[in-house]
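Accompanying notes for the structure given below.
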2 protein chains.
Amino acid sequence: MSASRDPKGDHLRLEDQLCFALYAASRAMTAAYAPLLDALELTYPQYLVLLVLWDHDGERVSHIGDRLQLDSATLTPLLKRLEARGLVERRRSAEDERVVEVFLTAEGKRLRRRATEIPPCILEKSGLTLPELIELRSTLQDLTRRLRGD
Amino acid sequence: MSASRDPKGDHLRLEDQLCFALYAASRAMTAAYAPLLDALELTYPQYLVLLVLWDHDGERVSHIGDRLQLDSATLTPLLKRLEARGLVERRRSAEDERVVEVFLTAEGKRLRRRATEIPPCILEKSGLTLPELIELRSTLQDLTRRLRGD
DNA sequence: GGCAATTAAATCGTATGCGATACAGTTGCA
DNA sequence: TGCAACTGTATCGCATACGATTTAATTGCC
């Protein structure tokens, strides 16, 4: 933020922006996952949905949306693609016909084992130590909470 | 990363993922910018392109792409929208007909003044002190470099 | 000089994101 | 009990992202 590199002093330099650092890091991270996820024929958001379901199967669309902060406009087509791939099944709830519950198929469950290779690969690519990763993650989680308005 | 919350010990919990913390923070940041950028009728990537041009006018498409790490498939339509809005002008270079140089219009230049309101607003929304912001930004820039392969 | 290799944008296809709206199903309350 | 308000998904429209291909222009090298 030195004035020498920000002559107008109004902080509009690209390199000064936290937003851009975040945006660039997020896309670089997605790019780092790409070759690993290609092997599983998954996109990055599809992998996130599977992380939710591997943690607890049979969640409703709205719950997946709460976890990932994505709404149905994004999730419905994504889930349909996962269903077309035979990894999940979408079923209308019997108690409440408005609700769609998402279940892993046998193949969706099997995929979890292959995914366990991914986190160590990424840790290595990131060049972070585990404590550094944990601190950065925590800082980002705090920031996210505050940006959303506590 | 406590084992008690990761029973299988394979680090596939959503909350453990640095990637998700980054992805969520990046989207929360974009959402925080949205109301400010709406007033300027800009999208977030359009704003990033203008940051590049406000820093140095008349850059070629490939140079904007280097700065933002975006390729022509993303930039060409985005720049055409900015041109349709009357904020930039795209001109084929005289020396090299393959090159397209992007220039701010008078209105594109004028918009800069209104944009100076944005960084302080975001700093406040983020709840970070300036030193905290600088450190986080630096950590993210390092991470991005390493993920891209040094 | 002439052509193969390279380069810069543009284009195409697919997959997100997200605001706005639609719509079926459920609930709460007069 | 009837229906207005609310909920949970789905749909639509628009703007990114990005891998792959195309096209036009330039360069390097025999």
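Chain A is the first sequence line, chain B the second, and so forth, proteins listed ahead of strands; every chain is numbered from 1. Values below: every heavy atom of this structure, side chains too, minus hydrogens, waters and symmetry copies.
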Donor-acceptor contact present, side-chain A:Tyr44 to main-chain B:Cys19, <3.5 Å: yes
Length of the line joining A:Glu41:CD and D:dG19:P, which is rounded to integer Å: 17 Å
Under-4.0 Å salt bridge between A:Arg91 and A:Glu83: no
Contact under 4.0 Å: B:Lys80 side-chain N or O vs D:dT16 OP1/OP2: no
For nucleotides 6-9 of chain D, list the nitrogen or oxygen atoms of the protein found under 3.5 Å from its nitrogen or oxygen atoms, one pair per line.
| residue | atom | partner | partner atom | Å |
| --- | --- | --- | --- | --- |
| D:dT7 | O4' | A:Arg98 | NH1 | 3.1 |
| D:dT7 | O2 | A:Arg98 | NH1 | 3.0 |
| D:dT9 | OP1 | A:Val100 | N | 3.1 |
| D:dT9 | OP1 | A:Val100 | O | 3.4 |
| D:dT9 | OP2 | A:Ser62 | N | 2.8 |
| D:dT9 | OP2 | A:Ser62 | OG | 3.1 |

Whole-Å gap separating P (D:dG19) and CZ (A:Arg27): 11 Å
More than 12 heavy atoms from other groups under 6.0 Å of CD on B:Glu135: no
Separation of atom OH in A:Tyr23 from atom C1' in D:dC18, rounded to whole Å: 11 Å
Interface residues of residues 28-36 of chain B with DNA chain D (non-hydrogen, below 4.0 angstrom): none
Distance in angstrom units between A:Leu42 CG and D:dC18 C1', rounded: 17 Å
Sugar-phosphate, base or nothing in reach of B:Leu75, heavy atoms under 4.0 Å: nothing
Residue whose closest nucleotide on DNA chain D lies nearer the 5' end, B:Tyr44 versus B:Ala73: B:Tyr44
Along DNA chain D (nearest heavy atom to each residue), the more 5'-positioned of B:Gln69 and A:Thr74: A:Thr74
Nucleotide D:dC14, atom P - distance to CZ of B:Arg85 in whole Å: 16 Å
Span of DNA chain C in contact with chain B (heavy atoms, under 4.0 Å): C:dT7 to C:dC18
